[in-house]
Amino acid sequence: MVHLSASLWWLCTLSTIAPGWTQQTPHPTSRSPPQNSFLKFRLAGYPRKHNEGRIEVFYNQEWGTICDDDFTMENAHILCRHLGFTEATGWTHSAKYGKGIGRIWLDNVICTGSEKSIEECKSRGWGNSDCTHEEDAGVVCKDERIPGYVEPNTIETEQRQLEEIRLRSVIASAKNRLPINEGILEIKYRDTWEQVCDVGWTQKNSHVVCGMMGFPSDKKYNKNFYKLYLDKQKPSFRVHSVKCSGTEVHLSLCPFEFYKVNSSSSCSDGGPVVVSCVIGPVFAAQTAAQTAIKKKKVVQREEILRLKGGSRPGEGRVEVLKNGQWGTVCDDRWDLQAASVVCRELGFGSAKEALTGARMGQGMGPIHMNEVRCTGEEQSLFDCQYKNITQEDCKHSEDAAVKCNIPYMGYDKTVSMEQSGE
């Protein structure tokens, strides 16, 4: 049984024997790697592809991160080669792929590009850092392997499949209706879809799944119907013991365990997980039935939060209404937790990205909020801790923005059908 704790990562590791690390700066605080020790590297975090992520290094029997201070493309090239890729195409700062945990092993790393290992680059020394995990560096590697590189025999193959999940609708009247907001939770493993054991499954787990699928929250479903249906099925289980806190932006960040292949005792005391999600008003209004319900039952609330400047639903610059005037949010300490509160408040799912540096354009008028700190449990952005600021503290070049998970609505099929009919 393979156990994955606090976050899921794809273990792209390549061991390198560390011959005694040479002191590069006058003030290192950590000792050289012990004799016969080795370094490992991996990509972690979400959302990402297999060739990008937060860079983590295994040193002195402990995984840790690298601070983004002084980080350059030369650093990224060397780290990507450690991971078995030919080169880097980019790097990220400010914990774009989420904050790591544990030690920050390296800081102020400066490579020339000619080094064979990151340990040959200048730095403050192993374990000597004044950074927080909000400054964890990431890399984007070219999706091309070094000739002769052999992927390590790790659990990466199993983990990778968790990134693709779906809700399989079994109610006849809902099978052809989009979005699909209720069904059996399934995880793609190799070329098949397999189920999750519901023993110990909680509402917090469902909340995370709904956020991933583009829905703001979960809701109850008809358990009797699913019991009758599932009693006639022979499910194939892949994952069990999922334990989310409810604030994760992706199921892969929750602790969980894989069943061993061909396990005979898979979920002997339970059945497949079923999840039902609330459809946000933007997407509920796109079906005639939901539109009628909305007109009758929904009382229009005063708008106090909106997204501007995005090219599609669920993305844009965050703007809030305060004292009768719309204004923006400064990106200091802006992260996925705060972005997810915004996304869910607006009826979308959890956040895919928390964007900084006015990536969705610069706003106008006042900047109402700065240093927003959310736990992820808040119902509104105004429930989070934040500072009131003046124009002197932040500029519109620092306007925060979000990209939210949205439900699959079949837009791509609609476009392709329209094009083929022309």
Side-chain angles (χ1 to χ4, degrees), residues 165-186 196 198 201-226 242 244-251 253-254 272-307 312-316 336-352 374-384 402-411:
I165 72 170
R166 72 179 184 185
L167 295 179
R168 179 167 61 87
S169 178
V170 298
I171 300 175
S173 61
K175 285 185 177 181
N176 297 318
R177 188 176 64 209
L178 294 176
I180 296 175
N181 66 308
E182 180 178 304
I184 298 170
L185 177 63
E186 296 189 326
V196 179
D198 66 359
W201 185 265
T202 67
Q203 179 271 331
K204 291 180 178 180
N205 297 343
S206 295
H207 187 71
V208 173
V209 170
C210 289
M212 287 177 61
M213 305 299 291
F215 303 108
S217 59
D218 62 290
K219 62 184 179 72
K220 294 181 179 179
Y221 59 90
N222 187 335
K223 293 184 178 180
N224 291 330
F225 167 81
Y226 283 97
V242 182
C244 301
S245 69
T247 62
E248 296 88 351
V249 298
H250 196 281
L251 193 64
L253 300 177
C254 304
V273 166
V274 175
V275 175
S276 183
C277 306
V278 174
I279 302 176
V282 173
F283 301 99
Q286 295 185 28
T287 66
Q290 291 287 356
T291 301
I293 293 172
K294 183 180 179 183
K295 287 179 180 178
K296 290 179 181 179
K297 296 186 177 181
V298 176
V299 178
Q300 190 69 31
R301 292 193 309 166
E302 181 187 3
E303 186 183 32
I304 59 172
L305 176 70
R306 68 185 184 186
L307 301 181
R312 54 180 61 89
E315 68 176 37
L336 281 170
Q337 301 296 347
S340 289
V341 171
V342 168
C343 290
R344 289 186 188 270
E345 184 177 355
L346 291 170
F348 303 109
S350 50
K352 289 193 294 186
C374 303
T375 64
E377 298 178 345
E378 296 86 355
Q379 297 298 308
S380 170
L381 189 65
F382 285 102
D383 295 334
C384 303
V402 298
K403 284 188 178 181
C404 307
N405 286 314
I406 64 173
Y408 176 70
M409 298 295 293
Y411 295 140

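Here the structure is a predicted model, which means the values were calculated and not measured.
A 4.5 Å side-chain heavy-atom check between F225 and V170 finds at least one atom pair inside the cut-off. Contact of the V402 side chain with the F348 side chain is not registered, since no non-hydrogen atoms from C-beta on lie closer than 4.5 Å. Two residues are said to be in side-chain contact when any heavy atoms from C-beta on lie closer than 4.5 Å; M213 and I165 meet this criterion. Using a 4.5 Å cut-off on side-chain heavy atoms (C-beta onward), W201 and V209 make contact.
The shortest non-hydrogen separation linking S276 to C210 is O-SG, 3.8 Å. Nearest heavy atoms, C244 versus V208: CB-CG2, 3.9 Å. H207 approaches S217 most closely through the heavy-atom pair ND1-CA, 4.1 Å. Nearest heavy-atom pair, P407 versus G214, reported as atom, atom and distance to 0.1 Å: CD-O, 3.2 Å. The nearest pair of heavy atoms linking D198 to P272 is OD2-O, 3.8 Å. For the residue pair V274 and Y221, the shortest heavy atom distance occurs at O-CE2, 3.5 Å.
The backbone N or O of L381 lies less than 3.5 Å from a partner atom in the side chain of E345, making a donor-acceptor pair. Under a 3.5 Å cut-off, the side chain of S340 and the backbone N or O of A351 do form a donor-acceptor pair. E378 places a side-chain N or O within donor-acceptor distance of the main-chain N or O of G376, the cut-off being under 3.5 Å. Checked by atom type and distance alone, the side chain of R344 pairs as donor or acceptor with a backbone atom of P216 at under 3.5 Å.
By the neighbour-count criterion of 12 heavy atoms within 6.0 Å, atom NZ of K219 is densely surrounded, having more than that number from other residues, nucleotides or ligands.
Only one option out of V278, I279, V275 pairs with F215 in a side chain to side chain contact (heavy atoms under 4.5 Å, CB included); it is I279. Just one residue in the list L251, V273, L185 forms a side chain to side chain contact (heavy atoms under 4.5 Å, CB included) with V242, and that residue is L251. When each of V249, V341, L336 is tested with S350 by the rule side chain to side chain contact (heavy atoms under 4.5 Å, CB included), just one qualifies, namely V249.
Put simply, SG on C384 and CD on Q337 are 9.5 Å apart, with the number rounded to the nearest 0.5 Å. We find the CE-CD distance between M212 and E248 to be 11.5 Å, quoted to the nearest 0.5 Å.
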Original post:
Run the side-chain contact (heavy atoms from CB on, under 4.5 Å) check on R166 and Y408 step by step: do they pass?
Top reply: CA-CA 10 Å; R166 72 179 184 185; Y408 176 70; over 6 Å; no

Subject >> From CA spacing to verdict: side-chain contact (heavy atoms from CB on, under 4.5 Å), V282, L346 >> reply: CA-CA 9 Å; V282 173; L346 291 170; over 6 Å; no

